[in-house]
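Worksheet: the structure to be examined is printed underneath.
Whatever order the structure lists ligands and atoms in, that order sets their numbers, starting from 1.
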Amino acid sequence: MSLSLNKEQMNIEQMNIEQMLHKKSLFICVGAGGVGKTSTAAALALQFALKGKKALVLTIDPAKRLANALGLSAFGNKETQISLDDILQMDSRDSDGELWAMMLDGKQTFDDLIEKLSKDEKSKQAILNNRVYKSITETIVGNQEYMATEKLYDVVCSDRYDVVVLDTPPVKNALDFLDSPGRMARFVDKKIMRWFLAPTENKEKKLLGRLLEGTSSALFYLLGFIFGKEFLEDIAVFFNHFRDLYEGFHLRHSTVEKMFGADSTAFFIVTAPNEASVDVAEFFVSELEKREMDVSGVIVNQRHFVKKDVSKEVLDAELLKLCEQEGMEPSHAKKLYSRLTVAYERLLALSEQEEMLEKRLSQNVHSGKIWSVPRLSGEVHDTVALKVLGEKLLNASAQ
Ligand SMILES: Nc1ncnc2c1ncn2[C@@H]1O[C@H](COP(=O)(O)OP(=O)(O)OP(=O)(O)O)[C@@H](O)[C@H]1O
Ligand SMILES: [Mg+2]
């Protein structure tokens with residue numbers, strides 16, 4: 001997968017989503033909780049597959065029914081191919097494309113990473129069985145942002161896919177995800193870790209050596225008394241083996257950071273048409289712009305669209321006609337008519353509110369475009385609904 005297309009090739013201003021699909025190879029869907037990141041990511045990947053590409057959606061915590069529909073009921077970082085037969089049959093068409101999906105499993109990702117970076121079986125086992133490693137992984141593994149970027153490195157570098165769409169966890173702090181590649185590096189850079197891991201001065205080497213050898217000096221006697229001798233031994237073994245992994249972490253960190261900034265990467269900021277998630281979206285946009293990362297667009301998902309150019313008289317006549325057609329008694333018809341009018345007016349007000357938010361967004365987003373995608377009548381829980389959502393996305397009107 002090429003991550004090196006230049007800026008001239010990538011003139012976003014002139015691209016719609018459809019064109020962008022052909023120019024970019026990594027899409028990252030970010031945004032607040034529950035706005036539709038997972039649905040959008042899966043719908044996009046499906047569109048790629050239907051257009052003949054080999055696409056992978058790397059997903060996190062999808063709704064259970066969607067996970068089942070994608071064959072992702074089991075955890076374990078397994079790349080699973082999803083059959084396109086039903087969908088292709090629906091349109092009587094053909095495609096050489098492939099849709100793959102994988103659900104992230106944090107613990108497995110981290111264990112795999114240790115396996116890859118360890119120099120031999122002995123150091124791998126020493127780390128995996130180490131109690132310090134276990135407690136560290138409990139902290140880091142729970143961190144889905146970090147795990148998502150870790151897995152991303154693997155699949156992008158493997159070159160197995162034409163395109164990868166990354167779903168991300170909801171952001172409590174919008175920066176968590178963008179900063180995640182640095183998290184591990186910062187963790188190993190912490191003073192104490194550096195002391196153990198970075199090339200050591202002679203004096204420090206001696207100290208580490210003594211720790212490893214379980215010296216009975218007063219300092220280590222005291223440390224052993226406080227922390228327990230076994231714990232001290234665990235620390236020593238852990239650091240001794242972890243030192244070999246240091247370079248690997250740094251390399252991965254800087255590669256993923258480059259990937260985020262590459263011209264072939266597109267960030268889609270997904271938002272619901274409400275103030276709270278639009279606030280998060282705007283914050284995300286400004287952070288991405290600050291970091292010179294490519295904001296390809298903001299997707300305003302689940303928009304309510306209402307036909308607006310209907311005059312009150314026409315609406316009244318239409319509703320009454322409908323009631324008559326249904327053979328309703330005039331009194332029932334009147335009741336239903338007034339309810340429908342209230343519902344229509346509420347929907348109209350909601351739609352106008354959403355429109356105002358979209359206007360605000362377009363004033364605050366200087367790069368990329370804003371696309372609105374309608375709220376579908378049902379939830380997005382199977383491949384057919386994903387297809388509908390994907391088509392709406394491709395046909396979305398851009399502001
Ligand atoms: N355009 C749409 N129309 C109707 N329902 C939608 C639409 N987009 C998403 N949904 C539904 O909204 C719910 C949330 O969607 P989704 O799981 O994709 O959001 P998310 O941003 O990934 O959530 P989380 O932050 O919890 O991971 C799901 O039930 C999904 O089916
Ligand atoms: Mg999700």
Side-chain angles (χ1 to χ4, degrees), residues 17 27-47 56-70 72-73 75 77 82 99 101-106 142-149 151-152 164-178 180 267-285 297-306 347 350-351 354-355 357-358 370-398:
I17 286 196
F27 290 82
I28 304 178
C29 298
V30 294
V35 293
K37 298 177 294 296
T38 304
S39 314
T40 305
L44 259 179
L46 174 62
Q47 286 302 316
L56 170 77
V57 54
L58 193 57
T59 179
I60 295 164
D61 237 359
K64 206 168 166 22
R65 280 180 53 203
L66 179 62
N68 289 341
L70 295 177
L72 294 176
S73 38
F75 281 85
N77 289 343
I82 293 139
L99 175 62
M102 174 161 60
M103 186 150 63
L104 276 181
D105 176 340
N143 185 323
Q144 287 179 316
E145 292 87 5
Y146 176 71
M147 287 305 142
T149 55
K151 205 67 219 168
L152 187 66
V164 175
V165 188
L166 176 70
D167 173 28
T168 58
V171 273
K172 275 173 248 93
N173 168 2
L175 301 181
D176 271 4
F177 176 71
L178 293 179
S180 58
F267 277 89
F268 276 135
I269 294 146
V270 186
T271 180
N274 61 50
E275 199 149 355
S277 52
V278 166
D279 285 347
V280 173
E282 285 179 344
F283 182 54
F284 230 116
V285 170
V298 179
I299 295 167
V300 184
N301 185 32
Q302 311 199 38
R303 269 278 270 127
H304 296 88
F305 291 107
V306 179
L347 203 60
L350 180 65
S351 161
E354 294 178 355
E355 215 174 277
L357 271 174
E358 246 177 30
I370 292 158
W371 288 284
S372 333
V373 175
R375 185 182 176 87
L376 305 181
S377 52
E379 296 210 43
V380 190
H381 280 163
D382 55 31
T383 43
V384 176
L386 280 180
K387 178 172 172 271
V388 175
L389 183 65
E391 283 162 357
K392 299 273 182 217
L393 194 57
L394 295 201
N395 295 325
S397 52

Can you label the angle between the F268 ring and the W371 ring as parallel, tilted or perpendicular, going by 30° and 60°? perpendicular
Before signing off on this row, confirm whether S39 and ligand 1 have an N or O atom pair separated by under 3.5 Å. yes
Polar contact flag for T168 and ligand 1 (N/O pairs, less than 3.5 Å): no
Validation row: [X], [Y] side chains within 4.5 angstrom (heavy atoms):
X	Y	answer
T383	K387	no
P273	E355	no
N301	L389	yes

Which one of I269, T271, V278 satisfies the side-chain contact (heavy atoms from CB on, under 4.5 Å) criterion with V300? T271
Pick out which of V380, L393, V373 makes a side-chain contact (heavy atoms from CB on, under 4.5 Å) with S39. V380
Only heavy atoms count here, so choose which of H381, K37, R303, Q302 is nearest to atom 7 (C) of ligand 1. Q302
Is the closest heavy-atom distance from C29 to ligand 1 below 4.0 Å? no
Report yes or no: does P374 have a heavy atom closer than 4.0 Å to ligand 1? yes
Within the 4.0 Å heavy-atom shell around [X], which atoms of ligand 1 are there?
X	result
N301	1 (N), 2 (C), 7 (C), 8 (N), 9 (C)
G33	25 (O)
L389	1 (N)
E379	28 (C), 29 (O), 30 (C), 31 (O)
G378	4 (C), 5 (N)

Listed by chain and number, what are the side-chain contact (heavy atoms from CB on, under 4.5 Å) partners of A41, not counting sequence neighbours? C29, V57, V165, D167
Check whether any N, O or S atom of T38 sits under 2.8 Å from the Mg ion (ligand 2). yes
Minimal heavy-atom distance between L350 and H304, with the atoms involved, is CD2-ND1, 3.4 Å
